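Source: prediction; values computed, not measured. The residues of the chain are indexed from 1 along the displayed sequence.
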Amino acid sequence: QVQLVESGGGLVQAGGSLRLSCGASLRTFSTYYMAWFRQAPGKEREFVARISWSDNIYYADSVKGRFTISRDNAKNTVYLQMNSLKPEDTAVYYCAAGANPGWTANAYDYWGQGTQVTVSS
């Protein structure tokens with residue numbers, strides 16, 4: 001059974017930081033593209049960042065320079081370090097895995113349950 005489990009969300013003031021983690025049970029974790037998406041109330045799920053097995057990385061413009069995605073293949077874990085958080089970053093953050101690169105939700109095969117990030121002004 002494939003499971004992706006996010007953790008690390010919470011409530012933080014604007015300008016603060018959080019680090020999200022996503023543990024994956026994928027047997028061939030190192031071959032997957034791993035990504036973070038987020039979804040705010042009333043909005044579509046949007047791409048945040050993705051990373052390949054070889055650390056090829058792409059960020060959405062809205063988080064570039066503030067967020068850092070990384071992965072530890074030995075631990076089957078992907079991380080999202082979020083700095084300089086803004087109220088508009090408030091959303092449920094989802095971890096995703098897929099066999100091909102992409103920045104739309106339908107490019108990914110497996111999803112975590114999501115973790116809430118709330119940034120207060």
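- One distance of note links CE of Met34 with CG of Asn73; it measures 9.5 Å at 0.5 Å rounding.
- Under the 3.5 Å distance criterion, the side-chain polar atoms of Arg71 are matched with a main-chain donor or acceptor of Ser52.
- Thr68 contributes no side-chain N or O that, together with a main-chain N or O of Gln81, makes up a donor-acceptor pair within less than 3.5 Å.
- Taking all atoms of both residues into account, the shortest heavy-atom contact from Arg50 to Gly102 is CG-O, 4.3 Å.
- Contact detail for Ser121 and Ala14: the closest heavy-atom pair is CA-CB, 4.4 Å.
- With Met82 as the partner, the side chain to side chain contact (heavy atoms under 4.5 Å, CB included) test is satisfied by one option alone out of Val48, Leu20, Val12, Asp89: Leu20.
- Rounding to the nearest 0.5 Å places OG of Ser17 at 9.5 Å from CZ of Phe67.
- Checking Asn106 against Thr104 by side-chain atom types alone, a donor-acceptor pair falls below 3.5 Å.
- Among Thr90, Val92, Leu18, Leu11, the one residue that satisfies the side chain to side chain contact (heavy atoms under 4.5 Å, CB included) test with Val117 is Leu18.
- For Lys43, the NZ atom sits in a loose shell: 12 or fewer heavy atoms of surrounding residues, nucleotides or ligands are nearer than 6.0 Å.
- Thr77 places no side-chain N or O within donor-acceptor distance of the main-chain N or O of Gly23, the cut-off being under 3.5 Å.
- Within 6.0 Å of atom CH2 in Trp111, more than 12 heavy atoms from other residues, nucleotides or ligands are found, so the atom counts as buried in its surroundings.
- In this structure, the side chain of Glu6 engages the main chain of Gln113 through a donor-acceptor pair within 3.5 Å.
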Q | side-chain contact (heavy atoms from CB on, under 4.5 Å) between Ser62 and Arg38, worked out | A | CA-CA 12 Å; Ser62 60; Arg38 65 187 183 185; 3.5 Å; yes

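- With rounding to the nearest 0.5 angstrom, the OH atom of Tyr110 is 13.5 Å from the SG atom of Cys22.
- In this structure, CG in Leu80 is found 10.5 Å from CD1 in Ile51, a value given to the nearest 0.5 Å.
- Tyr33 contributes atom OH, which lies 12.5 Å from atom CD1 of Ile57 (distance to the nearest 0.5 angstrom).
- Hydrophobic clustering (ILVMFWY, side-chain heavy atoms < 4.5 Å, transitive): Tyr79 and Tyr32 are in distinct clusters.
- Aromatic ring pairs are classed by plane angle as parallel below 30°, tilted from 30° to 60° and perpendicular above 60°; the pair Tyr108 and Phe37 is perpendicular.
- Within the 3.5 Å criterion, the main-chain N or O of Ile69 finds a donor-acceptor partner in the side chain of Tyr59.
- The CD atom of Glu46 lies 9.5 Å from the CD atom of Gln39; values are rounded to the nearest 0.5 Å.
- Using modelled atom types, no side-chain atom of Ser84 and backbone atom of Arg66 make a donor-acceptor pair closer than 3.5 Å.
- Contact record, Cys95 with Val78: SG-CG1, 3.7 Å, taken as the closest heavy-atom pair.
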